[in-house]
Asks: 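Supplied in structure tokens, the structure appears directly below.
Model, not experiment: these values are computed from the prediction. When reading the values below, keep in mind they use all heavy atoms of this one structure, side chains included, and skip hydrogens, waters and symmetry mates.
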Amino acid sequence: MRNTLGDLNLHLFAQLERLGDEDLKGEKLSEEIERSKAVASIAKEIILNARVVLDAKKYSTEYMQESPKMLEG
């Protein structure tokens, strides 16, 4: 499977490493900071979506015979 939460974790740590590059200065550092903000924003949405799917799965397991269609695939 591609693009898992584990992959997201790797991307976040890679971004953190790029921010920690002491040779990054000036305009390049500003660009990397902006990129980090964008990555963090997208990551937050992915995590929120994963929480919704997890909650729906928990609910369906507890109260329903079948999983909602959104959980398939």
Asks: Side chains of L5 and I46: does their closest heavy-atom pair fall under 4.5 Å?
Replies: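 In short, these two side chains touch, coming nearer than 4.5 Å.
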Asks: If I take atom CG from residue D21 and atom CD from residue E32, how far apart are they, to the nearest 0.5 angstrom?
Replies: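 Spacing of CG (D21) from CD (E32) equals 8.5 Å.
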Asks: Between CG of L19 and CD of E22, what distance do you get to the nearest 0.5 Å?
Replies: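 The distance works out to 12.5 Å.
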Asks: Ignoring hydrogens and angles, tell me if any N or O in the side chain of D7 forms a donor-acceptor pair with the backbone of T4 under 3.5 Å.
Replies: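 Indeed, once roles are kept as given, a pair shorter than 3.5 Å links the two residues.
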Asks: Do I33 and V39 belong to the same hydrophobic cluster, where Ile, Leu, Val, Met, Phe, Trp and Tyr are linked whenever their side-chain heavy atoms lie under 4.5 Å apart, directly or via other members?
Replies: no
Asks: Let me confirm one number: the NE2-CG distance from H11 to N3, rounded to the nearest 0.5 Å.
Replies: 6.5 Å
Asks: Got a second to check how far R18's CZ is from L29's CG, nearest 0.5 Å?
Replies: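 So the gap between those two atoms works out to 13.0 Å.
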Asks: Please report the C-alpha distance between R51 and L48 in whole Å, then the side-chain angles of each, then the deciding distance to 0.1 Å, and finally whether the side chain to side chain contact (heavy atoms under 4.5 Å, CB included) criterion is met.
Replies: CA-CA 5 Å; R51 170 58 72 184; L48 288 173; 5.5 Å; no
Asks: With rounding to the nearest 0.5 angstrom, report the CD1 to CG distance, I47 to L54.
Replies: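 I47 CD1 to L54 CG: 13.0 Å, rounded to 0.5 Å.
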Asks: Between S30 and G26 (side chain of the first, backbone of the second, donor and acceptor by atom type, cut-off under 3.5 Å), is there such a pair?
Replies: yes
Asks: First locate atom CD1 of I42, then atom CG of L12, and finally report the distance between them rounded to the nearest 0.5 Å.
Replies: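 That separation rounds to 10.5 Å.
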